[in-house]
Every structure is written in C-alpha cells, then in structure tokens.
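Note that ligands are numbered from 1 as they come in the structure, with each ligand's atoms numbered from 1 the same way.
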Amino acid sequence: MSDRDDDREPMSTSDAAFLPRADLAGASILTLRETPDAVPAVIETARWLKGMPRASWPALLAGKPVALIFERPSTRTRVSFDVGVRHLGGHPLTLNSTDLQMGRGETIRDTALVLSRMVSAVVLRTGPHAVIDELARHATVPVINGLTYEHHPCQGLADVLTISERFPDTRGVRVAYLGDGNNVCVSLMIAGAAMGMDVVAACPEGYRPPPAVVEWAAAFGAPRGGGARVVDDPREAAVGAHVLYTDTWVSMGDDADRDRRLRDLGPYQLNEDLASVARPEVVFMHCLPAHHGEEIADGLLYDARSAAWDQAENRIHAQAALLAHVLAG
Ligand code: CP
Ligand code: NVA
C-alpha cells in the first residue's frame, strides 16, 4: 500500500469520466497498433491526471508492484515510470537486466512465467522487438514496451499528449518528423493516426519507416482527419507544419554506422531554415536525449517554441494513464 493512501481526497463524480476503461484491462502494449482506439481515452486520462497535483492522484495502482526492466540505458523512461507508479500508489521495481538471471541466459519464457507470479505488470526496454513479443506471449500480466529497436509506444503517447496541449483539436494537425525513420518515428505515426494527426516523415532512402506501418497509419488516420506519408524533402514536410519533430541520427545499436548516418542525415536537421516555412505557432519536439548541433540546431531546444521539456515531463502522465488503464479493476 502507498504511504499516502489515507490522506487522499475523495474523487468527484465528474472524475469518473476520466477513469480507466475496462476494455484495456489486462492488455499488453507493445506497438499501440493492438489498441489504437484506446489511445484517445488514455490521453484523456493523462490530461486528467496532469490537471491535479501528483500528491493527490487517486491510488489506482494501490498494492500493485510493477517491474521496470532495462536492457539499455534510460533516463526519462526509467524515472517517469518509477515516479508515475509511486504517485498512483503502486510499487515500482527498477531492474537492470545485468542484475537479473536474464542477463546470464535465463530464458525470456522462464522470466515471464516467474515475474507473472510476482508483479502486476512488466515494463521492458530491450533491443529486438521479438524479445518483447516473446515476453508478452508467455507473461500472464500486461507487458509494456519501454523501447525496442522498432517501436517506442510510451514515447508516442507522451508525444500526442504534448501536441494535444498545444493544439487541442488534434484532427489534421500537421506533424513533420525529420531525419531517421526509427522507433520514435514509427510510434509517432501510430499514435498520431489514432489522434487524427497528419504525420509527414521526411527521411532519405535507407532511413524510412517500414512501409507497412506507414500504410497502416495512413489508413487508420484517414477517417479520423489525419494521415501518414513519407517524403524525401524536409522542406516539403515542414511547409505549414504545426510541429517539427526530430530524434537522434544515431540510435542505441547504431553506433557502428555513426559517420555514415551523420553524412546521410545532415540535410534533415531541424533548424531555423525549416522553421521559417512552418506555421507561425510551430512547436519543436524531440524525444531526447538530443545531440545539439546534429539533428537539431544548437539552442533550438531552449527556444520559446520548444515543447521538448513538457514532452519529457509528459512521459509521467502518459505512462501513468496507460498503466491505470491496463491495470484497471
Ligand atoms: N526518450 C526516452 O525514451 O528517453 P530515455 O532513453 O532517457 O528513456
Ligand atoms: N531512437 C532513439 C530513442 C531514444 C529514446 C534510440 O532508439 O536510441
């Protein structure tokens, strides 16, 4: 039990509209494509949580332990899950895989079976997406993807939450993603489609998001007022954009290709030149960590147009809302 359980304010009846819905209960969230219709409801819950002091959040995770396993470095995902779980009255266990038997060869299947007897949910950051698929296949508790090479759904949720704060009617909001069509780009397309956004990724040949994801996001987004497409020219994506978004050119696992990546992606830098063709109210976004002077011009993340710091903070609200939904009841 949380040490704050006794002094919480009773919830008002109007809060009930934002409470987690049963239809996500028990779901694993690996790509957001399993549950795209639930994205707007999770964002509503996140906004509701953000609207009250964290110290008075309802104890929606009371008595629930959540394992947070990291096979790769993390600042935001690690801290935001830990903080969010605590504020909802749950118990985070942050574990580096090197401290677990998993780190010396215990199978994913056995790890899934054991953890399912001990915790209410497992968050995993790993490399190949097949690893988290395997964990979710054998776990009997919800599994949440804290980043794989292919997807970063929790980032996608925080991103669309941040965009909805700046542009409350998200239908048709133009989001220009610039550079490497990586895990962050993929999850932005999926979450954006679920919110009716028009996500245009400008990526060179060899750095484009998988066509199947783009096709899915285009088809899912269209009836919701949005879309998804990939273009070569960063200026074409940036013209009239509400949001200019970028991520590192050298993701975890890409270090051996660093020189080639910097050379190929150089023309896709988020800078004042691209900002000048976007809308006057444009916001700059970056999932962080940033490489100032590479994918984003030096100083732009500290500009008044930057939403990156809200975006980082919103990891707490988006993930807390997600956990509240999947652990509802
Ligand atoms: N954006 C993000 O996931 O950051 P971390 O790698 O620090 O968790
Ligand atoms: N694309 C980056 C995101 C880091 C949060 C990576 O995978 O390293």
Can you tell me if S80 and Q319 form a side-chain donor-acceptor pair at under 3.5 Å? yes
Less than 4.0 Å between a side-chain N and a carboxylate O, is that true for R260 and D254? no
Side-chain ion pair, E294 and R258, N-O less than 4.0 Å: yes
Q155: numbered ligand 1 atoms lying under 4.0 Å from its heavy atoms: 1 (N), 2 (C), 3 (O)
H292 and Y302 aromatic ring geometry - parallel, tilted or perpendicular at 30°/60° bounds: parallel
Looking only at heavy atoms, what is the nearest atom pair of G127 and E150, with distance? O-OE1, 3.9 Å
Looking at D233 and R235, does any basic side-chain N land under 4.0 Å from a carboxylate oxygen? no
Do E165 and N314 have side-chain N/O donor and acceptor atoms under 3.5 Å apart? yes
In terms of atom number and element, which parts of ligand 1 are under 4.0 angstrom from non-hydrogen atoms of H152? 2 (C), 3 (O)
Is it true that R229 and E236 have a side-chain N and a carboxylate O under 4.0 angstrom from each other? yes
What atoms in ligand 1 come closer than 4.0 Å to a heavy atom of R76? 1 (N), 2 (C), 4 (O), 5 (P), 7 (O), 8 (O)
Side chains of N182 and Y177, donor plus acceptor under 3.5 Å: yes
Could you pull out every N or O of ligand 2 that sits under 3.5 Å from a protein N or O, with the distance for each pair?
residue: ligand 2; atom: 1 (N); partner: N182; partner atom: ND2; Å: 3.3
residue: ligand 2; atom: 1 (N); partner: N183; partner atom: OD1; Å: 2.8
residue: ligand 2; atom: 1 (N); partner: D247; partner atom: OD2; Å: 2.7
residue: ligand 2; atom: 1 (N); partner: S251; partner atom: OG; Å: 2.7
residue: ligand 2; atom: 7 (O); partner: N183; partner atom: ND2; Å: 2.9
residue: ligand 2; atom: 8 (O); partner: M252; partner atom: N; Å: 2.8

A student checking ligand 1 against T75 at a 4.0 Å heavy-atom cut-off should list atoms 5 (P), 7 (O), 8 (O)
Look only at interatomic distance and state if P289 has a nitrogen or oxygen under 3.5 Å from any nitrogen or oxygen of ligand 1. no
Is there a donor in the side chain of T248 and an acceptor in the side chain of H291, or the other way round, less than 3.5 Å apart? yes
Ligand 1 N/O within reach of L147 N/O, cut-off under 3.5 Å: no
Within-cut-off N or O pair, R315 and ligand 1, under 3.5 Å: yes
To the nearest 0.1 Å, how far is atom 6 (O) of ligand 1 from its closest protein heavy atom, and which atom is that? R125 NH1, 2.8 Å
